[in-house]
Structures are given as C-alpha cells and as structure tokens.
Amino acid sequence: MRRFSPEYLRRTREGMWADSRAALAPLSLDGRERILDAGAGTGELARVLTAESPAEVVCLDADPGLLSVAREETDLDVVAGDAVRPPFPDDAFDLVVCQALLVNLPDPTAALRAFGSLSRDAVAAIEPDNADVGVDSTVEAEVTLERQVREAYIEGVETDVAMGDRLVSAFRTVGLESIETRRYYHRKVVEPPYEEASLSAAARKASGAGLADHETELRRVLSAEEYDALRREWREMGRAVVEAMQEETYRRAEVVPFDVVVGRVPG
C-alpha cells in the first residue's frame, strides 16, 4: 500500500465536503450506531462522519503516525491495523466506510470483502476518479503539464487510481447488494488573496518537489531523458506560477470527481 504524509492528506483533502454533503445521503449517517472509517489517515472523513451522525466513529489505519494526528485532532478512538485484515470481530459495525483507500490498495476487493464481514448492514467507498480530473489555470503550461503528468502517473502507478465503473463491479464481486452510487465533485480554487498552503504548493512546483512526489511512478513510463525534460518544464511552469502570484494575477481551479458507492450486506 502506498504511504502518505499528513501534509499531503491535508493538501489534497482541504475543503472536501465543505460545500455539500448531499452525496453522502445513501450512507444513512443519521441512523448509524457504530461506524468504522477504514484507512482513516489523519481523520478528514472521520470529522465529517462525526458531524453528520450520532454514531460512535472509530478510525482504522495501518500508519501509526497518521493515526496519532487523527487522535490528537479528532479525539476519536483510533486503531492501528490493516484494512484487509482488520482487528475487529464480525458485525462489529453497522457501517464501514473508506475514502481514497481502495485506489491505493493492490487488491481492493479483498478489503471490500473484509468490510462486508465487519458490517452488519452497509459498506461504502468514496474513491477519486483520477482519470477525470479537470484543471484550469491562468498559466497555460500548467494545464498541459498536469494532464501529461496525470496520464503518465495513471499508467505507471501499481494500483487502480481511476476505478470509475469498476468500483461498482468490485462491490458486486464480493456479494454486496442494493448498490447505490453518487458522484461528488471536490473543487479546489486558488485565487488572490493566496493562502499559505497555495504559496507553498507554488514553491514546490518551482523547486520540482511536487513532481518528485510521483517520480517512482513516472519513471516506470518515461525514459530518463523524458523525465528530466519534464522536470525542467515543470520547474519553469512553477516559476511562472510564483511570478503570477507575486503580481496577484494567478488563478487556478481543479475539480476532482469522487464516486460514492454504497452496498448492503446480504442477509
């Protein structure tokens, strides 16, 4: 399973569910008693679950470092463990839900099968469709380069980060029933006045650090010469973003679609 830093999770999930939580309606959160947030990370989804449900919410993650942040920031129960082999008895929850977990697992159906055993009612997954991300920017090169990097990354990563319709198929494969789907669009906008996180992201582009986050996956697809050329173009684009920010003319919008899929445990 791929590992992420707390900073990466905050950056990519910032503002998620702040605009609307309508896509979470099939989870029936207001009637839950005990919910497991599997692959909880630093607790971004757990905060939403706690706000929307009277249930006891438990955070499960394989990374103790992320869980320590979740414990500190949410004051919820946290348990270190593998989502595929969760350390709970069968039927311990009435809802098991994950957000951006299955796209990072080599065998997402194994996790869904485990979730079906843990839940006495429903299993839900909220997963990004990284093949359908949209980016618009006042720095034209940013749009082109981000699309190029995204396509190479999807080809080079060793998990299915653009599950789309395959997510519903995975639910059916493990025997979950009465499947409902919704789509949530996580829109992130950068515009003046710029927040510190946006300034930091621009600096990471200019230094090449943002691209280096995905170097392993990109080098599986690109030759050394292609990667080096891409890095030069990326850093040049980043410097253009920084300059535009200094002039307060930079604007960027990114839309990441998330598929919300809910299935019922048979019987």
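Residue indices begin at 1 and follow the sequence shown.
Connection of I154 to L211 is established within a shared hydrophobic cluster, with ILVMFWY side chains joined at heavy-atom distances below 4.5 Å, either directly or through further cluster members. Hydrophobic clustering, with ILVMFWY side chains joined whenever heavy atoms are under 4.5 angstrom apart, groups L222 together with L145. V262 and L112 fall into different hydrophobic clusters, defined by Ile, Leu, Val, Met, Phe, Trp and Tyr side-chain heavy atoms under 4.5 Å apart, directly or through other members. Hydrophobic clustering (ILVMFWY, side-chain heavy atoms < 4.5 Å, transitive): V241 and L230 are in one cluster. One hydrophobic cluster, built from ILVMFWY side chains closer than 4.5 Å, cannot hold both L105 and V97; they sit in different ones.
One finds the CD atom of Q148 at 8.0 Å from the CD atom of E151 (value rounded to the nearest 0.5 Å). Summarising the geometry, atom CZ belonging to R220 is positioned 11.5 Å from atom CD belonging to E155; distances are rounded to the nearest 0.5 Å. Remark: L45 CG to C59 SG distance equals 8.5 Å, nearest 0.5 Å. The CD1 atom of I35 sits 7.0 Å away from the CG atom of D94 when rounded to the nearest 0.5 Å. Atom CD of E146 is separated from atom CZ of R252 by 4.0 Å, given to the nearest 0.5 angstrom. Considering CG of L49 and CG of L24, their distance stands at 7.5 Å, rounded to 0.5 Å.
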Discussion item. Applying side-chain contact (heavy atoms from CB on, under 4.5 Å) to M245 and V190, what does each step give before you reach the verdict?
Written reply: CA-CA 10 Å; M245 281 184 145; V190 177; 3.9 Å; yes

Discussion item. Is there a side-chain contact (heavy atoms from CB on, under 4.5 Å) between T50 and T74? Walk through the geometry before answering.
Written reply: CA-CA 9 Å; T50 301; T74 69; over 6 Å; no

Fill in: Pair Q99-W17, side-chain contact (heavy atoms from CB on, under 4.5 Å): steps then yes or no
CA-CA 12 Å; Q99 177 173 282; W17 303 113; 2.9 Å; yes

Discussion item. Checking D19 against Y184 for the side-chain contact (heavy atoms from CB on, under 4.5 Å) test, could you report, in this order, the C-alpha distance in whole Å, the side-chain angles of both residues, the deciding distance, and whether it holds?
Written reply: CA-CA 10 Å; D19 53 345; Y184 171 74; 2.7 Å; yes

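Through direct or relayed side-chain contacts under 4.5 Å between Ile, Leu, Val, Met, Phe, Trp and Tyr, V143 connects to no other residue. Hydrophobic side-chain contacts under 4.5 Å tie V255 into a cluster, directly or through other members, with Y185. V242 belongs to no hydrophobic cluster, as no Ile, Leu, Val, Met, Phe, Trp or Tyr side chain comes under 4.5 Å of its own.
For R182 and E180, the salt-bridge test fails: no basic side-chain N is under 4.0 Å from an acidic carboxylate O.
Remark: side-chain polar atoms of D129 are not paired, donor with acceptor, to backbone N or O of P257 under 3.5 angstrom. Using a distance-only test at 3.5 Å, with no hydrogens or angles considered, a donor-acceptor pair links the side chain of S68 to the main chain of G65. Panel note: side chain R32, backbone L27; a donor-acceptor pair is recorded below 3.5 Å.
With sequence neighbours excluded, the residues that form a side chain to side chain contact (heavy atoms under 4.5 Å, CB included) with P128 are A100, V103, N130, V256, F258. Every residue meeting the side-chain hydrogen bond (donor to acceptor under 3.5 Å, both in side chains) condition with D160, not counting sequence neighbours, appears here in chain and number order: R166. Residues meeting the side-chain hydrogen bond (donor to acceptor under 3.5 Å, both in side chains) test with D259, sequence neighbours left out: R183. Listed by chain and number, the residues in a side chain to side chain contact (heavy atoms under 4.5 Å, CB included) with A51 are R21 (sequence neighbours excluded). For A229, the side chain to side chain contact (heavy atoms under 4.5 Å, CB included) criterion is met by R232, not counting sequence neighbours. The ring pair (Phe, Tyr, Trp, His ring centres under 6.0 Å) test applied to Y227 returns no partner, not counting sequence neighbours.
Between L102 and M163 there is a side-chain heavy-atom pair separated by less than 4.5 Å. In this structure the side chain of R264 reaches within 4.5 angstrom of the side chain of D121, judged on heavy atoms. A heavy-atom distance below 4.5 Å is not found between the side chains of R231 and E215. Side-chain contact between T42 and D61 is absent, with no heavy atoms from C-beta onward closer than 4.5 Å. Annotation: side chain of D213 is in contact with side chain of R204 (closest heavy-atom distance under 4.5 Å). The closest side-chain heavy-atom distance from R34 to V58 is below 4.5 Å. Counting heavy atoms from C-beta on, the side chains of Y153 and L218 come closer than 4.5 Å. Proximity of I126 to M16: side-chain heavy atoms (C-beta onward) are separated by under 4.5 Å at one or more points.
Contact record, V221 with A152: CG2-O, 3.4 Å, taken as the closest heavy-atom pair. Across every non-hydrogen atom of F115 and A38, the tightest pair is CZ-CB, 3.5 Å. Across all non-hydrogen atoms, the minimal contact from V96 to S119 is CG2-CB, 3.9 Å. The shortest non-hydrogen separation linking V157 to E217 is CA-CG, 3.7 Å. Residues A22 and S20 come closest through the heavy atom pair N-OG, 3.2 Å. Counting all heavy atoms, side chain and backbone alike, P26 lies closest to A23 at CD-O, 3.4 Å.
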Residues 75-91 side chain polar contacts: donor-acceptor under 3.5 Å, at least two apart:
{"residue": "D82", "atom": "OD1", "partner": "V84", "partner atom": "N", "Å": "2.9"}
{"residue": "D82", "atom": "OD2", "partner": "R85", "partner atom": "NH2", "Å": "2.7"}

Pairs of donor and acceptor atoms involving the side chains of residues 169-177, under 3.5 Å and at least two apart or interchain, shall be tabulated with distances.
{"residue": "T173", "atom": "OG1", "partner": "S169", "partner atom": "O", "Å": "2.8"}

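Residue pairs meeting the side chain to side chain donor-acceptor pair (under 3.5 Å) criterion with at least one partner in residues 236-251, sequence neighbours excluded, are E142-Y250.
The neighbour count for E56 CD, taken as heavy atoms of other residues, nucleotides or ligands under 6.0 Å away, is above 12.
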